[in-house]
A.B. asks: 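Structure incoming, see below.
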Amino acid sequence: MSRYDRKQPTRNHRSNPCCLCWCCCCSCSWNEDRNRRRRLSRDTKLEAVPHCEVCSKPSSEEVHSWAHSFEKLMKNPAGRNVFREFLRTEYSEENMLFWLACEELKKDNGKHSIEEKARMIYEDYISILSPKEVSLDARVREVINRRMQEPSSQTFDDAQLQIYTLMHRDSYPRFLNSGIYRSLLQNISRSSSES
């Protein structure tokens, strides 16, 4: 019998306030505090971004078209809702929330309102102190920091494009192979065959 065939003893979970492991394998107080902060920080300062967009049930053609075009998925409120649900399972919902917040900012015309929304978007998604910080490169962060001196509806355009591209290249292929999308396809096909 090799050493790999033997059962390894189970690890005792113990509270260790000085443990800084990143793997969630222990129940140390640091990890508990981190998880509590993460749960409390899920709410953003932007109340304008709804939990779920209001939309009608997508047609079979719409759902099938999402497999061929990320752009069609993102232009469709029902598609964004389903994709957002998938992103939530991957712990990257902040990408969609940021993208939606930027879309809302572009619709605004009032200078004071734009400045306030831009500040909230910055605090919620750009600041390194934010628990919902989106992943941006240094160049884009620098551009945003300059533009925040006089915020406009285009302040986050480069960042929004970078996040859109990230979702398209990274999350979208996994979404198409996910149980969420496959289940939706089956339900749509089943309901259209029953009609």
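In this chain, numbering begins with 1 at the start of the sequence shown. Values below: every heavy atom of this structure, side chains too, minus hydrogens, waters and symmetry copies. As the structure is a computational prediction, the values presented were derived from the model and not from experiment.
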A.B. asks: Treat each ILVMFWY residue as a node, draw an edge where side-chain heavy atoms are under 4.5 Å apart, and state whether V143 and I126 are in one component.
C.D. replies: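 Different clusters.
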A.B. asks: Taking only residues two or more places apart in sequence or in another chain, which ones pass side-chain contact (heavy atoms from CB on, under 4.5 Å) with E90?
C.D. replies: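 side-chain contact (heavy atoms from CB on, under 4.5 Å) check on E90 returns F86, S92, S171, R174.
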A.B. asks: Does L166 have any side-chain contact (heavy atoms from CB on, under 4.5 Å) partners at least two apart in sequence or in another chain, and if so, which?
C.D. replies: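 In terms of side-chain contact (heavy atoms from CB on, under 4.5 Å), with neighbours along the sequence ignored, L166 is linked to N95, I163, D170.
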A.B. asks: Do E93 and E85 have side chains that get closer than 4.5 Å, going by heavy atoms?
C.D. replies: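 They are not in side-chain contact.
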A.B. asks: Does L185 reach the side chain of H64, with side-chain heavy atoms less than 4.5 Å apart?
C.D. replies: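 Counting from C-beta outward, L185 and H64 do come under 4.5 Å.
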A.B. asks: For L105 and A118, work out which heavy atoms get closest and say how close.
C.D. replies: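 Looking at all heavy atoms of both residues, the shortest contact is CD1-N, 4.2 Å.
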A.B. asks: In terms of side-chain heavy atoms, does N81 have a donor or acceptor partner in R84 at a distance below 3.5 Å?
C.D. replies: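 Note: N81 and R84 side chains miss the donor-acceptor criterion.
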A.B. asks: Could you measure the distance from the CG atom of L87 to the CZ atom of F175? Nearest 0.5 Å is fine.
C.D. replies: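 The CZ atom of F175 is 8.5 Å from CG of L87, to the nearest 0.5 Å.
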A.B. asks: Quick one: side-chain hydrogen bond (donor to acceptor under 3.5 Å, both in side chains) partners of K111, sequence neighbours excluded?
C.D. replies: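 Applying side-chain hydrogen bond (donor to acceptor under 3.5 Å, both in side chains) to K111 gives E115.
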A.B. asks: Apply side-chain hydrogen bond (donor to acceptor under 3.5 Å, both in side chains) to the pair Q154 and K106, showing each step before the final yes or no.
C.D. replies: CA-CA 7 Å; Q154 289 83 35; K106 289 176 183 178; over 6 Å; no
A.B. asks: Is any side-chain heavy atom of K57 less than 4.5 Å from a side-chain heavy atom of I188?
C.D. replies: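 Yes, their side chains come closer than 4.5 Å.
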A.B. asks: Can you list the residues that meet the salt bridge (charged side-chain N to carboxylate O under 4.0 Å, His left out) rule with R169, with sequence neighbours excluded?
C.D. replies: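 Checked R169 against salt bridge (charged side-chain N to carboxylate O under 4.0 Å, His left out); zero matches.
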A.B. asks: R182: what forms a side-chain hydrogen bond (donor to acceptor under 3.5 Å, both in side chains) with it, not counting sequence neighbours?
C.D. replies: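 Testing R182 for side-chain hydrogen bond (donor to acceptor under 3.5 Å, both in side chains), a comparison that skips the adjacent residues, returns none.
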A.B. asks: Y181 vs W66 aromatic rings, parallel, tilted or perpendicular, using cut-offs 30° and 60°?
C.D. replies: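 Judged by the thresholds at 30° and 60°, the geometry between Y181 and W66 is tilted.
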A.B. asks: Can you name the residues that form a ring-ring contact (aromatic ring centres under 6.0 Å, His included) with Y122, not counting sequence neighbours?
C.D. replies: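 Once residues adjacent in sequence are excluded, Y122 has no partner under the ring-ring contact (aromatic ring centres under 6.0 Å, His included) criterion.
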A.B. asks: Any Lys/Arg nitrogen of R147 or D157 sitting under 4.0 Å from an Asp/Glu carboxylate oxygen of the other?
C.D. replies: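 Between D157 and R147 there is no salt bridge, as every charged N stays at least 4.0 Å from the carboxylate O atoms.
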A.B. asks: Can you sort out the partners of Y172 under ring-ring contact (aromatic ring centres under 6.0 Å, His included), two or more places apart, ordered by chain and number?
C.D. replies: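 Partners of Y172 under the ring-ring contact (aromatic ring centres under 6.0 Å, His included) test: F70, H168.
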A.B. asks: Would you please name every residue forming a side-chain contact (heavy atoms from CB on, under 4.5 Å) with A159, sequence neighbours left out?
C.D. replies: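 With sequence neighbours excluded, A159 shows a side-chain contact (heavy atoms from CB on, under 4.5 Å) to F98, L136, V140, I144, given in chain and number order.
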A.B. asks: Among residues at least two apart in sequence or on other chains, which ones pass side-chain hydrogen bond (donor to acceptor under 3.5 Å, both in side chains) with S130?
C.D. replies: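 With sequence neighbours excluded, S130 shows a side-chain hydrogen bond (donor to acceptor under 3.5 Å, both in side chains) to no residue whatsoever.
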A.B. asks: Going by side-chain contact (heavy atoms from CB on, under 4.5 Å), name the residues that satisfy it together with L161, two or more places apart in sequence or in a different chain.
C.D. replies: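 For L161 the side-chain contact (heavy atoms from CB on, under 4.5 Å) partners, ignoring immediate neighbours, are T165.
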A.B. asks: What are the two closest non-hydrogen atoms of P151 and M148, and how far apart are they?
C.D. replies: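 In terms of heavy atoms, the two residues are closest at CD-O, 3.4 Å.
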A.B. asks: Not counting sequence neighbours, which residues clear side-chain hydrogen bond (donor to acceptor under 3.5 Å, both in side chains) with S113? List them please.
C.D. replies: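 Partners of S113 under the side-chain hydrogen bond (donor to acceptor under 3.5 Å, both in side chains) test: D108.
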A.B. asks: According to salt bridge (charged side-chain N to carboxylate O under 4.0 Å, His left out), who are the partners of E71, at least two apart in sequence or on a separate chain?
C.D. replies: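 Per chain and number, E71 pairs via salt bridge (charged side-chain N to carboxylate O under 4.0 Å, His left out) with K75.
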A.B. asks: Using modelled atom types and a 3.5 Å cut-off, is there a donor and acceptor pairing between side-chain atoms of N76 and backbone atoms of K72?
C.D. replies: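 No; zero donor-acceptor contacts below 3.5 Å.
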A.B. asks: Donor-acceptor pair, distance only, cut-off 3.5 Å: does the side chain of Q149 make one with the backbone of R146?
C.D. replies: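 Not at all, since once roles are kept as given, no pair shorter than 3.5 Å links the two residues.
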A.B. asks: Do you know which two heavy atoms are closest between M167 and M74, and how far apart they sit?
C.D. replies: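 Nearest pair, atom of M167 first, then M74: CE-CE, 3.7 Å.
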A.B. asks: Locate the shortest heavy-atom distance separating E123 from R119; write the atom from each residue and the value.
C.D. replies: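 Scanning both residues completely, I find the closest heavy atoms to be OE2-NH1, 2.6 Å.
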A.B. asks: Is any NZ, NE, NH1 or NH2 atom of the basic residue among K132 and E94 found under 4.0 Å from an Asp or Glu carboxylate oxygen of the other?
C.D. replies: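 Salt bridge: no.
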